[in-house]
Q: 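What follows is a structure written as structure tokens; I'll ask about it next.
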2 protein chains.
Amino acid sequence: MNAKIPDPNTLTPSARRILETASTLFYEGGITAVGVDVIAERSGVTKRTLYNRFGSKDVLVATYLLNREMRWRHLVETAVSDPELTAIERVTAPFDALGEWVQQSPRGCAFINALAELPDPEHPAHRVAAEEKRWLCSLFERLANDAHITNPADLAKQLVCLHEGALAMRAALPEIDSVTIAKDTARYLIAAATTSSTNIRA
Amino acid sequence: MNAKIPDPNTLTPSARRILETASTLFYEGGITAVGVDVIAERSGVTKRTLYNRFGSKDVLVATYLLNREMRWRHLVETAVSDPELTAIERVTAPFDALGEWVQQSPRGCAFINALAELPDPEHPAHRVAAEEKRWLCSLFERLANDAHITNPADLAKQLVCLHEGALAMRAALPEIDSVTIAKDTARYLIAAATTSSTNIRA
DNA sequence: CGTAAGGTATACAGACCTGTGAATGCAAAG
DNA sequence: CTTTGCATTCACAGGTCTGTATACCTTACG
């Protein structure tokens, strides 16, 4: 029932083109609304080739999300590894990455969007989406830990919420600069958590 | 091109049933993925009746979102009007409402989800979604103002981000109690903004 | 030279999609 | 009693959807 996802790095030239076209169309037009015919046509490829390379639309969707996750992770990892940054600044670096990212992705989080369209929890999209959020959360936790912040786990969850909220708000109300707001709020929470001040009381 | 949306409060019995069925199916299965045939069948109604009442699927979708927004607004307005609450507690009351809401809506924000599926900015869904976010933002601002908080506008935007993030995270990673985290964070930000402490520095 | 892999081209199956047409039953309100 | 509104049944149009079948071409490589 569930074919395996091809490695986005070892694709034939046509498969590359298909994946790139599909990525754009899926993100901009929605997964369900975009048919394989359009993807094939816009890739300069026949539908047969598409199915030869990916086997099914579901696998193509999963590859799209996986590939997108890889690109996003790479961007974030580059941002947090900037040697110019202090340990504290590193914690908010993902928000800088997000600021760049949304320039080309104003329609919200592709993983959240995919979840909205694919309710079946068995669909590989759910695994990819959940994993991405978990990854971001542990990254925040690790960075907070490296910056000697009290309660890194709690702070990480707060930052992830802010992060997701900024992405969603960007899609719904672009007139609000939600990414900057989220980053400023993150900075504030971090500063508060470093100065050994009163922490959050449940 | 754009038929008008019927008032969800003055519907014939059949239309009510159609709207309720559609609401469930759209939210749980995605808007594009759910066809009018299923909606009609599950409502015990013929497709013709559906089209007599709503005119098009797009209008049905818009009515679904509008009706959902009305229910959500009502829930929030009830929560913030609780006479037991102090002015400060009122500011976080929408998060309490959210906690109840997600019990029956674990699949994220219906408006954000709709935006993900309907990229056309002319679609009425965009108006409804943007308006809902704007409404929530001004509500937060008003509540913050009533609680004599410095910079109510800034705080409101932060709270909206937290709010949306909690909703999105709930859908992606239900194992994290994101609503509680968001509410606690909100309380913290509010407390910080009331004690005339250092505010956010850009 | 021979073979295999990647790709092209066209057609098709079978299901589902939104939306319409035409005729009819039924009940309440004027 | 008749109009009006609501709902019904059945059939259909015209597309689009995913996925497959058949047959051919081109290039690389051993």
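We use all heavy atoms of the structure for the numbers below, so side chains are in, but hydrogens, waters and symmetry mates are not. Here the structure is a predicted model, which is why all the values come from computation and not from measurement. Convention: sequence-line order gives letters A, B, ...; per-chain numbering from 1.
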Q: Report yes if some heavy atom in the side chain of P94(B) is under 4.5 Å from a heavy atom in the side chain of E77(B); otherwise report no.
A: no
Q: Which value, rounded to the nearest 0.5 Å, describes the distance between R170(A) atom CZ and I181(A) atom CD1?
A: 12.0 Å
Q: Who are the salt bridge (Lys or Arg N to Asp or Glu O under 4.0 Å) partners of R71(A), not counting sequence neighbours?
A: none
Q: So, using salt bridge (Lys or Arg N to Asp or Glu O under 4.0 Å) as the criterion, who are the partners of D82(B) when residues are at least two apart?
A: none
Q: Of all nucleotides in DNA chain C that come within under 4.0 Å of a heavy atom of chain A, which is furthest toward the 5' end and which toward the 3' end?
A: dG6(C) to dA9(C)
Q: In whole angstrom, give the distance that lies between atom NZ of K57(A) and atom P of dG19(D).
A: 8 Å
Q: Report the C-alpha separation of S105(A) and R68(A) in whole Å, then their side-chain angles, then the decisive distance to 0.1 Å, and conclude whether the side chain to side chain donor-acceptor pair (under 3.5 Å) test is met.
A: CA-CA 11 Å; S105(A) 298; R68(A) 205 177 159 95; 2.7 Å; yes
Q: Which ones in residues 30-39 of chain A lie close to DNA chain D, meaning a heavy atom under 4.0 Å from one of its atoms?
A: V34(A), G35(A), V36(A), D37(A)
Q: Not counting sequence neighbours, which residues clear side-chain contact (heavy atoms from CB on, under 4.5 Å) with K57(B)? List them please.
A: F26(B), V36(B), V61(B)
Q: According to ring pair (Phe, Tyr, Trp, His ring centres under 6.0 Å), who are the partners of F95(A), at least two apart in sequence or on a separate chain?
A: F140(A), H163(A)
Q: Could you check if a side-chain atom of I112(B) sits within less than 4.5 angstrom of a side-chain atom of L167(B), using non-hydrogen atoms only?
A: no
Q: For nucleotides 25-30 of chain D, give me one character per nucleotide, 5' to 3': B if any protein heavy atom sits under 4.0 Å from the base, S if the only such contacts are to the sugar-phosphate, - if neither.
A: ------
Q: Starting from the first five and the last five pairs of the helix from dC1(C)-dG30(D) to dG30(C)-dC1(D), work out the angle between the resulting helix axes, to 10 degrees.
A: 0°
Q: Suppose we screen for salt bridge (Lys or Arg N to Asp or Glu O under 4.0 Å). Which residues come up paired with E131(B), at least two apart in sequence or across chains?
A: R127(B)
Q: At under 4.0 Å between heavy atoms, which parts of nucleotides 2-11 of chain D does protein reach? Answer with one letter per nucleotide, 5' to 3': B base, S sugar-phosphate only, - none.
A: ----SSBB--
Q: Enumerate the side chain to side chain donor-acceptor pair (under 3.5 Å) contacts for residues 135-149 of chain B, please, sequence neighbours excluded, ordered by first and then second residue.
A: none
Q: Can R134(A) and E175(B) be counted as an ion pair, charged N to O under 4.0 angstrom?
A: yes
Q: Quiz question: by atom type and distance under 3.5 Å, do the side chains of T32(A) and T32(B) form a donor-acceptor pair?
A: no
Q: Salt-bridge test for K133(A) and E164(A): reply yes if a basic N is under 4.0 Å from a carboxylate O, no otherwise.
A: yes
Q: If a pair satisfies salt bridge (charged side-chain N to carboxylate O under 4.0 Å, His left out) and one of its residues is in residues 96-119 of chain A, list it, with sequence neighbours excluded.
A: D96(A)-K183(A)
Q: How long is the gap from CG on L50(B) to CG on L19(B), to the nearest 0.5 Å?
A: 10.0 Å
